[in-house]
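A, B, ... follow the sequence lines: proteins, then strands. Residue 1 opens every chain.
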Amino acid sequence: AQTVTQSQPEMSVQEAETVTLSCTYDTSESDYYLFWYKQPPSRQMILVIRQEAYKQQNATENRFSVNFQKAAKSFSLKISDSQLGDAAMYFCAYRIYNNNDMRFGAGTRLTVKP
Amino acid sequence: NAGVTQTPKFQVLKTGQSMTLQCAQDMNHNSMYWYRQDPGMGLRLIYYSASEGTTDKGEVPNGYNVSRLNKREFSLRLESAAPSQTSVYFCASSHILGRAFFGQGTRLTVV
């Protein structure tokens, strides 16, 4: 079974600075999706960014970007110009292409200091 | 847009009681999921359903049963609740190739 590892239980960043959250995964598949979800105190799960494994170009969504290293099975999230509203739990997730089984990492709690 | 709706939002059960968590989605998704979220463990997949009438076990299925009643609804049942099932439960749905949409979660406490 595939596994997703987030090695940073907690991270902290100063407002307006940049922070990178790490994620590694274990798989023997070649076609899959990777996701970063944000969970604020409201408990709502919000999709931040998505990456298809067949795409070499790293996904970007405004201040959020990823560094996808397929050979290394690494999928880190970079948040630029951090804002107070970015404070949340962040989950990395993995899903095999054309398969329903989606797995999550343990999460990283991000604190943003004013 | 309703998206994914879970009920109830909060529930307290006594050990040995049973209950069913309800989930419905209005996005015409084929795939639906039940996860539990525990501190330090992220979201763990309990069961999922690829289509109406089919269900499959995830990582932590013991103590749970599910029913995919139709394309819209996917329920999770605890037949005899245990304190170890105290958790936050999330229902989600997706297209086979897409991202998952989540409900608001159910905080369940078993005493």
Close side-chain approach of B:Ser94 to A:Arg95, heavy-atom, < 4.5 Å: yes
In terms of heavy-atom proximity below 4.5 Å to chain A, should B:Arg44 be classed as side chain, backbone, both, or neither? neither
Sort B:Ala100 into side chain, backbone, both or neither according to what part of it lies under 4.5 angstrom from a heavy atom of chain A. both
Checking A:Tyr94 against A:Thr27: is there a side-chain donor and acceptor pair closer than 3.5 Å? yes
Portion of B:Gln37 that has a non-hydrogen atom of chain A nearer than 4.5 angstrom: side chain
Between B:Leu45 and chain A, with a heavy-atom cut-off of 4.5 Å, which part of the residue counts as in contact: side chain, backbone, both or neither? side chain
Contact part of A:Gln39 toward chain B, heavy-atom cut-off under 4.5 Å: side chain, backbone, both or neither? side chain
Counting heavy-atom pairs closer than 4.5 Å to chain B, which one of A:Met45, A:Arg109, A:Arg43, A:Gln44 comes out on top? A:Arg43
Will you find, in the side chains of B:Asn30 and B:Ser51, an N or O donor that is under 3.5 Å from an N or O acceptor? no
Could you check whether A:Gln83 and A:Asp86, counting side-chain N and O atoms only, form a donor-acceptor pair closer than 3.5 Å? no
B:Arg77 and B:Thr20 side chains, donor-acceptor separation under 3.5 Å: yes
